Amino acid sequence: QLQLVESGGGLVQAGGSLRLSCAASAITAEPMDWHRRVPGKQRELVASITSDGNTDYAASVKGRFTISRDNAKNMLYLQMNSLKPEDTAVYYCHYSRPVLSDYWGQGTQVAVSS
């Protein structure tokens, strides 16, 4: 079975930083991503990374967030800097490949205060 376990969320003031971690099984050859969900809305793609380490970001987070991976540890990370109240959401790590994309963990809550 595939496993996705997110951690590292919390409450932070605007302008602060958090690093999210995801323990994700069997990621070595898989493109991965981070999504977030605002209450009452669907999940939004915020950052993605290929198996070779190439990255892409939503315009709303580009320059502030950094996605990275450690395949040897089966870990995915999201470094979030200069946080804004609109970044408040539950954050999920995720397998990008369509055949695996229905797997979701519990997510980790990020709350950014004004």
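All figures in this text were calculated on a predicted structure; none of them were measured in a lab.
- Between atom CD1 of residue Ile27 and atom CG of residue Asn74 there is a gap of 5.5 Å, rounded to the nearest 0.5 Å.
- In this structure, Tyr91 and Cys22 have side chains that are not in contact, with every pair of non-hydrogen atoms separated by 4.5 Å or more.
- In this structure, the side chain of Tyr92 does not engage the main chain of Glu6 through any donor-acceptor pair within 3.5 Å.
- In this structure the side chain of Val61 never reaches within 4.5 angstrom of the side chain of Met80, judged on heavy atoms.
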Side chain to side chain contact (heavy atoms under 4.5 Å, CB included), that's the test. Do Leu2 and Glu30 meet it? Break it down for me. CA-CA 12 Å; Leu2 299 178; Glu30 298 295 332; over 6 Å; no
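- With contacts defined as side-chain heavy-atom distances shorter than 4.5 Å, the pair Tyr57/Ile67 qualifies.
- Tyr77 shares a hydrophobic cluster with Met75; the chain of contacts runs through ILVMFWY side chains whose heavy atoms sit under 4.5 Å apart.
- Leu78 contributes atom CG, which lies 12.5 Å from atom NE2 of His35 (distance to the nearest 0.5 angstrom).
- For the pair Arg69 (side chain) and Thr50 (backbone), a donor-acceptor distance under 3.5 Å is present.
- Hydrophobic clustering, with ILVMFWY side chains joined whenever heavy atoms are under 4.5 angstrom apart, groups Phe65 together with Val12.
- Between Tyr95 and the choices Asp33, Leu76, Leu100, the side chain to side chain contact (heavy atoms under 4.5 Å, CB included) rule is met once, by Leu100.
- Residue pairs that meet the side chain to side chain donor-acceptor pair (under 3.5 Å) test with at least one member in residues 101-114, sequence neighbours left out, do not exist here.
- Here the CZ atom belonging to Arg36 is positioned 5.0 Å from the CG atom belonging to Asp87, to the nearest 0.5 angstrom.
- Taken to the nearest 0.5 Å, the CG atom of Asp56 stands 11.0 Å off from the CD1 atom of Ile49.
- Using a 4.5 Å cut-off on side-chain heavy atoms (C-beta onward), Arg64 and Lys84 make contact.
- No side-chain donor-acceptor contact under 3.5 Å links Ser21 to the backbone of Ser7.
- Remark: the backbone N or O of Val112 is paired with a side-chain donor or acceptor of Thr88 at under 3.5 angstrom.
- Annotation for Leu4 and His94: closest pair CD1-CA, 4.4 Å, computed over non-hydrogen atoms.
- For the atom pair CG of Leu20 and SG of Cys93, the computed distance is 9.5 Å after rounding to the nearest 0.5 Å.
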